[in-house]
Every structure is written in structure tokens, then in C-alpha cells.
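For the numbers below, each heavy atom of this structure counts, side chains included, while hydrogens, waters and symmetry mates do not.
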Amino acid sequence: MVSLSSYIKKLGEKMSNMQPWKQNVASIIDFAEKIFPDVEVVTRELSGKISTTNYKNISLRAKKLGSALEKFGIEKEQCVGSLALNTFRNMEMYYGISGMGAVMHTINFRLHPEQVVYIINHAENRLIFLEPVFAPLLEAVQDKCPMVEKFVLLCAKEEMPETNLKDAVSYEEFIENGDESYTWPELEEDAPCGLCYTSGTTGNPKGVLYSHKSTLLHAWAGSSANGLGLQKNDSILMVVPMFHVMGWGLPYLAPMNGIKLVLPGMGMDGAALTELIEKESVTLAFGVPTIWLGLLNYCKENNIKLESVKQTIIGGSAVPYSMIKQFDEEHDINVIQGWGMTETSPLATANLKTPAMEKLSKDELYKLQTKQGKPIYGVELKIVDDEGSVLPNDGEAFGRLLIRGPWINKRYYKFEEDAVDADGWFDTGDISTIDSEGYMTIVDRAKDVIKSGGEWISSVDLENVAQGHPDIMQACVIGVAHPKWDERPLLLVVPANDKKDKDDIFGYLDGKIAKWWKPDDIVFLEELPLGATGKVLKVNLRDQYKDHLMS
């Protein structure tokens, strides 16, 4: 009998008889073209018009784009920049750019112009695709981006605006001589396909470079039963921007599973989103809490119930109890909270409703849904103390959240040193708990947790409680200097109406939080400053109110 080792040596093969596969994310859109050709992709265009295409057309036009990029001289592993909205053309870029071997570099147009310049130069973009509405932004900084050779505006020839951008051309003109029969090249599994930069609230943004393999694994994991709760007949409203962590993977997940995509373009207000939801029978909606706050308020003011939506997946920042309750009680919509970050591709945990959760009271259910959920297969989590010792998963101990897995960042783009420890663990910068069932809860960002008299106070927990007050639209808690306790919590409130009663809010908090967590003061604001990804800029608020309690 021939031994296994002798057999393998004889054949000159590795430890299996399975066929090799060179991964390319464009295989997803090829698959969708063959198996789900007529599944729709709906876009609200800049004009406000709602247009419809399908996965077959997306695939054919992506190939035209891929061949046009080759003709232009884009080479494998070069970064191609985009300042783009959620539209069908952006879907084509996701596949045309990455599929031909280049890197889809999504640029957050909400960043400060100087950060946009830094990102373009750091990524060495020769070619940038942009919406016409963003032309003024790049016109003002193009002289600071000497490597950019050409700008492609995402519009038809007849829609081209007047612009002084270098060698500007419309998208339709750029791809018109492209080849619909273009064949995607075979790529190595670790070949890069996407590049996103962190929001850079403290220093320059850092790039995270995703591979074809990591992106495909992430999409498969998100499609799983413990992933994002997808169903075959879903119609997905993708409010999360496609520049934000590769659109949470949705540009890959939807065609992979033959699911209809509804893309809102610039129509992110309550009225525009409600129209799309009702017209396209949206069943599943993805976005950050600030977007849903506006939608819920619009529906309440206009006595609208979102009949078709069954679930909403919310990430980006913690989802307050009051929002979970409002979605359920007013719209019969189940909230799935997910957690991730640019460095995690982003999907790491999800809080899907289970049969056990169906047996809970409403209050118990909503409280459980405020947790960020359990890790999906492929992701490992642990919490450690300041000395690096592993803490118990008892739901009580909280420490620094570490993560590792096949779609987790190992090293930032163009950095020489690794961003992980010797065992491959990446420090997320979050303070968390993990309970005995595996549910992870973000207590706070390490930089946002309040240390008062040597004890920690969670700004996230305080915000969640405060936001349940009927007169509060948004709540933010920051730690500010205190002459006795080092730091104390300050509650910043955007009121829901004209009522600004501090005593009433303090009374509401009584019994819902530990007495020593009670904020030392409440400040009413017209709005909270938001960063490029919709998160509250606490660093700005801490600087503004740092001496508020010192007097």
C-alpha cells in the first residue's frame, strides 16, 4: 500500500486532490450575470430620477470599464481613486477596477479637503472617478495632487459640467470603447482589491488594504446564517455609504446571493428614503443611527408606517434602547446591531434574533439588542486588562477588545511595522465586555471612557439611557475635568422640542443609572458635530467644554 506522503510526493501536489482556484472578486458579478441576470439594482440619480438596471448590465459594463482602464495604462495593484455616491456606476467600479487587478480606493468626500489631498497622494492615485457634485472640491485641491493624470466624472456625456479638472471626461465616454467580452485576469489570492482609510480624527488617516481572498471570505461569512440575516427575496436599501469600509461588503453580498439592491444616491433625508422604501418594497435596510433618527422622526411627523421593512442592520455607533423600541413598536421592524471597523472589513459581530430571544419580554429583548452581538465564524474575540491578561467572559469584567481573523487588518498600508501582537491579535481601541453566551458589548472607546475618582463610567451606557427621554433627540456624554474627581460626565443634549428642563432630565435618570454616574451638568445644543462617517466628534466637544466644571 502506498503511503499518503509517497502518493503526494509522486504527484507533486499539496495535501489534497481539490482543484486550485485563483480568487478574483469579479467572479461574483460574473456569477450574478449568469444566475441572477434580471435581479434589479435601483438608483436615485443626482437629478432625483430613479433608474433601474440589473446584474447582467452591471457585469457587462464593469468589463467595459476594466478593459478601458487597461487601455488607459492602469496596472495591477495600482490604486484608482473614487469620490462616489451609492449608485449603479459605483457598483460597476467595484468590479471593473478590482477585477482587472487594480485597487478600488474609496475616498470619503466628507473628510477635510487637506485629508482628501493626503489620501490621494498617499495612495498615489493616477486616475480619479468622481460625482459631478464633487468637482468643486477637487478643483480646489488638484494642484496639490500632482500624480493625478485624469478625472472621470460619473455621468453621461450630455451631463458633463464645466470644469477645469485636468483631462476631465465623462464616465460614459471613458467606457464607451471598452470590451464587454473582457476576460478578468487570474490573480493571486492575496492580491489587493480594495483600499479604505480610517477617518483620521487624531492625525492622518491610515489605509487598510483588503485582498481578494479576505473580501470573498468576508462576503461568504456575511451571507451565512449567523451573518447579516439575509433572505433570498430581500430588497436591500443600502444607506451605508459605499466609501465606508467597502460598503459593509454589500456590493459583494447582494449579487453573490441574487438580492435586489436599492441605492439612494444623495437622497438621504427621511422623505427620499421613505419614497424608495415604499416604491421598491424594501425589506432590509442598512445604515448608521444618525440616518435612522432622521427617518424615524419623518415617519412620526407624517404618520407613516414602514410596512415592507422587516429588519434593519445598524452599525457605526451604538444603537440606543429607545431607537430599538421605536422601530419595533411603531414599524414592527427588528433591529440587528452589528459591529466592525475599517480594520475588520468590517463585519465582526452581529446580534441576530434567535428563538430564545423570542421568549423574552419586550424590555429584556430590547436590552439584549443593545449588545453588539456574537462573533461570526472566522472571527475571534477576547478582552484583556492593561497588563494584557485575559479577562473572564462573565458579562461583568471589561477591558480592551482584541480581535483576529482572516479579514482583520495585519498592517496598515505602507507601514513597515505590524498592527498586531506576536499572536496576531489586533487592538480595536474599544473597551468591551463578553458574556458567557458570547455576546460582546462595547462599553466605550478607550479614548472616550470617563475615569472618575479611579472608577470607570461608560459614556455609551449613559447616552443610551438619556436618549430614552421623550424630550431628547440626541444625547452625547463626554468626560470633562473636575477639581476633585479628575473627570466627571457632562451630558450634551439636542432637544426634540422646545422643552429644555434639566431637572426633568435628571429626574428621568434617577434609578436608571448608578447615582455616582449622574452627569454633573446638562448643556443644550442645536446640533452635535458629526465626523465623516456620521459619528459624533467627541474630541471636539471635549476640547470645547474641557473647563466647563472647573469653575
Side-chain angles (χ1 to χ4, degrees), residues 23-30 32 41 58-59 61-70 72-109 116 119-120 122-131 134 148 150-152 154 171 174-175 178 182 184-185 187-198 205 207-219 238 240-256 261 263 342-343 345-346 407 409 413-414:
Q23 291 102 328
N24 186 326
V25 295
S27 64
I28 295 174
I29 204 66
D30 274 355
V41 176
I58 295 283
S59 179
R61 283 165 57 86
K63 290 171 185 171
K64 291 180 71 173
L65 173 58
S67 64
L69 289 167
E70 276 196 0
F72 178 76
I74 295 296
E75 299 177 355
K76 288 182 175 61
E77 301 188 7
Q78 283 190 333
C79 298
V80 177
S82 74
L83 282 87
L85 299 166
N86 291 15
T87 69
F88 68 93
R89 290 190 179 98
N90 205 350
M91 282 288 292
E92 294 164 8
M93 290 192 295
Y94 260 70
Y95 291 101
I97 293 171
S98 298
M100 62 80 61
V103 178
M104 175 67 174
H105 170 210
T106 62
I107 303 171
N108 185 343
F109 50 81
V116 171
I119 287 171
I120 289 172
H122 190 262
E124 301 180 46
N125 295 144
R126 293 174 51 212
L127 182 64
I128 292 183
F129 291 79
L130 69 148
E131 304 286 352
F134 302 136
V148 180
K150 191 180 189 68
F151 294 89
V152 180
L154 296 165
Y171 178 86
F174 184 79
I175 71 168
Y182 176 76
W184 306 116
L187 302 168
E188 295 300 320
E189 64 178 25
D190 287 327
C193 76
L195 176 65
C196 289
Y197 282 75
T198 61
V208 180
L209 189 65
Y210 312 105
S211 70
H212 286 262
K213 179 180 179 180
S214 72
T215 302
L216 285 165
L217 288 173
H218 179 266
M238 185 179 167
V240 55
M242 290 172 76
F243 66 71
H244 189 200
V245 203
M246 307 306 289
W248 294 3
L250 293 175
Y252 309 110
L253 283 158
M256 178 183 280
L261 263 183
L263 307 172
T342 306
E343 291 88 343
S345 295
W407 54 85
N409 184 45
Y413 184 50
K414 292 187 176 180

So, His212 side chain and Glu189 main chain: donor-acceptor pair closer than 3.5 Å or not? no
Within the distance-only criterion (no hydrogens, no angle test), does the side chain of Glu131 pair as donor or acceptor with the backbone N or O of Leu85 below 3.5 angstrom? yes
In this structure, SG of Cys193 is separated from CD1 of Ile97 (nearest 0.5 Å) by 11.0 Å
Give the intermediate values and the outcome of side chain to side chain contact (heavy atoms under 4.5 Å, CB included) for residues Thr106 and Met242. CA-CA 8 Å; Thr106 62; Met242 290 172 76; over 6 Å; no
Check whether any side-chain heavy atom of Asn90 sits under 4.5 Å from a side-chain heavy atom of Leu263, and report yes or no. no
For Ile28 and Leu216: C-alpha separation, side-chain torsions, deciding distance, then whether side chain to side chain contact (heavy atoms under 4.5 Å, CB included) applies. CA-CA 9 Å; Ile28 295 174; Leu216 285 165; 3.7 Å; yes
Once rounded to the nearest 0.5 Å, what's the spacing between atom CG of Leu187 and atom OG of Ser211? 11.0 Å
Flag, side chain of Arg61 to backbone of Phe88, donor-acceptor distance under 3.5 Å: no
Are Phe174 and Leu127 packed together at the side-chain level, in the sense that at least one heavy-atom pair is separated by less than 4.5 angstrom? yes
Indicate the ring-plane relationship of Tyr197 and His105, choosing parallel, tilted or perpendicular according to the 30° and 60° boundaries. tilted
Interatomic distance, Ile175 atom CD1 to Arg89 atom CZ [nearest 0.5 angstrom]: 8.0 Å
I'd like to check Ile128 versus Phe134 (side-chain heavy atoms, cut-off strictly below 4.5 Å). Are they in contact? no
So do the side chains of Ser82 and Val80 get within less than 4.5 Å of each other, counting heavy atoms only? no
Audit row: Val103, Tyr413, side chain to side chain contact (heavy atoms under 4.5 Å, CB included) steps and yes/no: CA-CA 12 Å; Val103 178; Tyr413 184 50; over 6 Å; no
For Val240, does its backbone N or O pair with a side-chain atom of Asn86 as donor and acceptor, under 3.5 Å? yes
Apply side chain to side chain contact (heavy atoms under 4.5 Å, CB included) to Leu253 and His218, showing your working. CA-CA 9 Å; Leu253 283 158; His218 179 266; 5.6 Å; no
Counting only N and O atoms by type, is there a donor-acceptor contact under 3.5 Å from the side chain of Asp30 to the main-chain atoms of Ser59? no
So Trp184 and Lys63, do their side chains get closer than 4.5 Å, heavy atoms only? yes
When rounded to the nearest 0.5 angstrom, what is the spacing between CE in Met246 and OG1 in Thr342? 11.5 Å
Taking Ser67 for its side chain and Lys64 for its backbone only, find out whether a donor-acceptor pair lies under 3.5 Å. yes
Can you confirm whether Cys196 sits close enough to Tyr210 that some side-chain heavy atom of one is under 4.5 Å from a side-chain heavy atom of the other? yes
Inter-residue atom distance Glu92.CD - Leu154.CG, 0.5 Å rounding: 9.5 Å
Within the distance-only criterion (no hydrogens, no angle test), does the side chain of Asn108 pair as donor or acceptor with the backbone N or O of Phe243 below 3.5 angstrom? no
Would you call Met91 and Met238 a side-chain contact if the rule is heavy atoms closer than 4.5 Å? no
